Amino acid sequence: MHVAVGVILDSIGQVLVARRAEQQHLGGLWEFPGGKLEPGETVHTALCRELKEELDIEVEHSRPLCRIEHNYPGKAVLLDVWIVDRFKGTPRGIEHQPLRWLPTAQLDPAEFPQANRLIIRRLQLSDRLAIIDLPAANINLPPQLPVTDVLLRLRCWQKDQYSAYLTAVRQTIQAWGDNSPGIILDLSAASLAGNGFVSEELCQLPGLKGLHVHGGLLQTLSERPVPEHLLLGVSCHDQHELELAAKVDADYALLSPVKATATHPDVRPLGWDRFQSLAQHSTVPVYALGGMQASDLITAHSHGGRGIAGIRLFNCDTMR
Ligand SMILES: Nc1nc2c([nH]c(=O)n2[C@H]2C[C@H](O)[C@@H](COP(=O)(O)OP(=O)(O)OP(=O)(O)O)O2)c(=O)[nH]1
Ligand SMILES: [Mg+2]
């Protein structure tokens, strides 16, 4: 069954959700409005028709977000999910379905059909990812906060360093309190339990938004090693690594170096053209990393990137 699904955003980035009627398939769960394609329809035509029928709005601008194949017991669906960021009219529940506008951070996967988990994780990615490199010794996190997601990266791996890193992270998250940004942590071989999945203890860390895989660890993974409510990020430098990222169902990839950086003067940068061709062929959303400044966000978007990532971005005022 081929379904057109609309992620309808308002001007402050909230998303519209509707509750499915009890008698419907997956009744009682929340969904993004949409419905089945009729014979001969394109996804876009079906999307416009369904949103008119269910909500009485007219789509003015939309773009594809992702495609999901999912097998429910007795029913296989192909969801073609589109972002609708401009529309005419005020949505009303024409079929008496309850509606809500929610900030993306408040979308709870447990209240949606199983197939929606990937959509929700995609919506929870931010445009900018600030990287803070923690030195192996003297782990000391900055007290000031970026208003974005933060990858707390552990440099210079050493034996036994990982548990010290987690302890420092735990203390910092506690000190940051309610103002904590979305935290993404390095995943190490040490944090994978015997079954190849992340340990329960790590998953329970308060404020944890995702885990990130660096370097050689990616090659050793045979499946997605983190639970569905966490983002999985991967560091990539070429097409082969992006393909591995897709294989383990990563939610984002950092692709580097896009521009020349002081940290890796010996590595030849990819440049925006190469970045674009790699990003366009990747099913995993790609962030540009390497020499990024805040103003590069527009360039990243226009080259098929999901956003930008960087170390120096952290201190940039324009990120606030
Ligand atoms: N619209 C929508 N359908 C979803 C989502 N997630 C998900 O698994 N589905 C599944 C549920 C259904 O099996 C199928 C969509 O069918 P639907 O019931 O919305 O189709 P429709 O609007 O044409 O409904 P109807 O006229 O047959 O009642 O896709 C979602 O977020 N939105
Ligand atoms: Mg429907």
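All ligand and atom numbering here is 1-based and tracks the order in the structure. Quick caveat, the model's predicted, so the values are computed rather than measured.
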Does Gln14 form a side chain to side chain donor-acceptor pair (under 3.5 Å) with Gln106? I'd like the steps, not just the answer. CA-CA 10 Å; Gln14 299 188 110; Gln106 281 176 29; over 6 Å; no

Can you list the ligand 1 atoms lying under 4.0 Å from a non-hydrogen atom of [X]?
X     : value
His25 : 11 (C), 12 (C), 13 (O)
Leu26 : 8 (O), 11 (C)
Lys75 : 13 (O)

Checking side-chain polar atoms at under 3.5 Å, does [X] have a donor or acceptor matched by the opposite partner on [Y]?
X      : Y      : answer
Arg274 : Ser277 : yes
Asp186 : His212 : no
Ser302 : Thr299 : no

Short N-O contact, [X] and [Y], less than 4.0 angstrom:
X      : Y      : value
Asp149 : Arg128 : no
Asp251 : Arg117 : no
Glu243 : Lys247 : no

I'd like to know if [X] contacts ligand 1, where contact means a heavy-atom distance under 4.0 Å to any ligand atom.
X     : value
Met1  : yes
Glu53 : no
Tyr72 : yes

Which N, O or S atom of Glu54 lies nearest to the Mg ion (ligand 2), by name: OE2

Please compare [options] and report which has the shortest non-hydrogen distance to [atom].
atom                    : options              : result
atom 31 (O) of ligand 1 : Val5, Asn116, Val17  : Asn116
atom 9 (N) of ligand 1  : Leu79, Ile119, Val77 : Leu79
atom 22 (O) of ligand 1 : Glu54, Gln24, Lys36  : Glu54

Using 2.8 Å as a strict upper limit, say whether an N, O or S atom of Gly34 approaches the Mg ion (ligand 2) that closely. yes

Under 2.8 Å from the Mg ion (ligand 2), is there any N, O or S atom belonging to Glu50? no

Distance to 0.1 Å, residue and atom name: give those for the protein heavy atom nearest to atom 30 (C) of ligand 1. Phe32 O, 3.5 Å

Do ligand 1 and Pro33 have nitrogen or oxygen atoms that lie under 3.5 Å from each other? no

Has [X] got a side-chain atom pairing as donor or acceptor with [Y]'s backbone, closer than 3.5 angstrom?
X      : Y      : value
Glu54  : Gly34  : yes
Arg224 : Asp249 : yes
Gln97  : Glu95  : yes

How does Glu50 reach ligand 1, by side chain, by backbone, by both or by neither, if only non-hydrogen atoms under 4.0 Å count? side chain

